[in-house]
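Below you'll find the structure, written out as structure tokens, and then a few comments.
These numbers were taken from a predicted model, which means no experiment stands behind them.
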Amino acid sequence: MLKTTALTAALTLVAGAALAEPVAYDLDTSHSQIVFNYDHLGFSTTYGMFGDITGVITFDAEDPAASSVEATFPVASLMTGFAGRDEHFLSGDFFGSEAAAPEVTFVSTGIEVTGDTTALITGDLTLNGVTQSVVLDTTLNQQGTHPMENKPWLGFNATTTLLRSDYGLGMFAPAVSDEVEVIISVEAMPQE
């Protein structure tokens with residue numbers, strides 16, 4: 001009788017896990033950012049950042065490849081540490097009319113799990129009014145209970161490399177590198 005009860009309990013747990021639904025998590029805007037860098041004429045590496053990121057991660061813990069990501073951030077959140085450069089990047093030389101393409105969006109189209117906490121997330125990045133497929137090399141930093149919020153929380157880092165010229169932002173390339181390294185760090189909390 002004890003073996004039958006244990007087997008029933010085990011099967012119930014397995015069935016419950018197999019039927020677990022994906023959970024929607026909202027990005028924590030206050031702890032999500034995108035940092036980018038590029039080579040400036042061989043003299044320095046220049047850094048910048050975008051913030052005000054919003055979006056949803058639909059996370060399937062049982063089948064991470066079935067998860068999805070959607071994120072948006074305003075071009076106007078650009079910060080490079082020098083106001084004159086920020087103004088230049090938001091001018092017609094680069095991002096052009098902010099009203100024409102005021103937001104950047106990313107929508108995942110597929111996820112390839114590469115390890116216990118790693119995956120390649122492919123998606124459509126729309127930047128400066130141009131949509132290109134990109135791959136984010138992603139790591140799940142932590143999944144657990146947030147110690148201050150006392151609720152489930154996710155944290156991810158991701159990297160990719162973009163070509164400015166693919167998005168109509170290629171002024172001064174190749175003297176100023178066409179390649180831009182992108183580092184993304186986000187936290188997410190269950191939707192309420």
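- Under the 4.5 Å side-chain heavy-atom criterion for Ile, Leu, Val, Met, Phe, Trp and Tyr, Tyr167 and Met171 are members of the same hydrophobic cluster.
- With a 4.5 Å cut-off between side-chain heavy atoms of Ile, Leu, Val, Met, Phe, Trp and Tyr, the cluster of Leu120 takes in Val135.
- In this structure the side chain of Leu27 never reaches within 4.5 angstrom of the side chain of Thr54, judged on heavy atoms.
- The cluster map of Ile, Leu, Val, Met, Phe, Trp and Tyr, joined by side-chain heavy atoms under 4.5 Å apart, puts Val69 and Val56 in different clusters.
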The test is side chain to side chain contact (heavy atoms under 4.5 Å, CB included); show your working for Leu163 and Gln132 and say whether it passes. CA-CA 10 Å; Leu163 293 179; Gln132 299 277 347; over 6 Å; no
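- Side-chain heavy atoms closer than 4.5 Å link hydrophobic residues (I, L, V, M, F, W, Y) into clusters, and following such links, even through other members, never connects Leu90 to Tyr47.
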Could you tabulate the donor-acceptor pairs under 3.5 Å formed by side-chain atoms of residues 179-192, not counting sequence neighbours?
| from | atom 1 | to | atom 2 | distance (Å) |
| --- | --- | --- | --- | --- |
| Ser185 | OG | Asn157 | OD1 | 2.7 |
| Glu187 | OE1 | Trp153 | NE1 | 2.8 |
| Gln191 | NE2 | Asp26 | OD1 | 3.0 |
| Glu192 | OE2 | Lys151 | NZ | 2.9 |

Derivation of the side chain to side chain contact (heavy atoms under 4.5 Å, CB included) call for Val134 and Phe106: CA-CA 9 Å; Val134 300; Phe106 176 82; 3.7 Å; yes
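- Put simply, the side chain of Thr138 gets close to the backbone of Leu136: a donor and an acceptor are under 3.5 Å apart.
- Thr29 places a side-chain N or O within donor-acceptor distance of the main-chain N or O of Ile53, the cut-off being under 3.5 Å.
- Contacts classified as ring pair (Phe, Tyr, Trp, His ring centres under 6.0 Å) and involving residues 59-85 (residues at least two apart or in different chains) are given here: Phe50-Phe73.
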What verdict does the side chain to side chain contact (heavy atoms under 4.5 Å, CB included) test give for Val104 and Ile34, after you've listed the backbone C-alpha separation in whole Å, the side-chain angles of each residue and the deciding distance to 0.1 Å? CA-CA 11 Å; Val104 178; Ile34 298 167; over 6 Å; no
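- A donor-acceptor pair under 3.5 Å links the side-chain atoms of Ser67 to the main chain of Asp60, judged by distance alone.
- One finds the OG1 atom of Thr122 at 12.5 Å from the CG atom of Leu125 (value rounded to the nearest 0.5 Å).
- To the nearest 0.5 Å, atoms CG (Leu154) and CG (Asp28) are separated by 11.0 Å.
- Here the OG1-CZ distance, from Thr118 to Phe156, works out to 11.5 Å after rounding to the nearest 0.5 Å.
- Between Tyr38 and His40, the ring planes are perpendicular. Angles over 60° get that label, and only those under 30° would be called parallel.
- Checking each of Val35, Asn37, Thr80, Leu78 against Met49 for a side-chain contact (heavy atoms from CB on, under 4.5 Å) leaves exactly one that passes, namely Val35.
- Interatomic distance, Asp93 CG to Phe172 CZ, rounded to the nearest 0.5 Å: 6.0 Å.
- Distance OG/Ser68 to CD1/Ile57: 9.0 Å, rounded to 0.5 Å.
- Put simply, the side chain of Asp178 gets close to the backbone of Ser165: a donor and an acceptor are under 3.5 Å apart.
- Going from atom CG of Asp52 over to atom CD of Glu103 covers 10.5 Å, rounded to the nearest 0.5 Å.
- The nearest pair of heavy atoms linking Gln143 to Ala61 is NE2-CB, 4.2 Å.
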With side chain to side chain contact (heavy atoms under 4.5 Å, CB included) as the test, would you mind laying out the steps for Val130 and Asp166 before giving the verdict? CA-CA 8 Å; Val130 178; Asp166 284 349; over 6 Å; no
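- Taken together through direct or relayed side-chain contacts under 4.5 Å among Ile, Leu, Val, Met, Phe, Trp and Tyr, Ile111 and Val107 form parts of separate hydrophobic clusters.
- Nearest heavy atom pair, residue Ser177 against residue Arg164, reads O-NE, 2.9 Å.
- Proximity of a side-chain donor or acceptor of Arg85 to a complementary backbone N or O of Gly48 within less than 3.5 Å is not detected.
- Nearest heavy-atom pair, Thr58 versus Pro22, reported as atom, atom and distance to 0.1 Å: CG2-CB, 3.7 Å.
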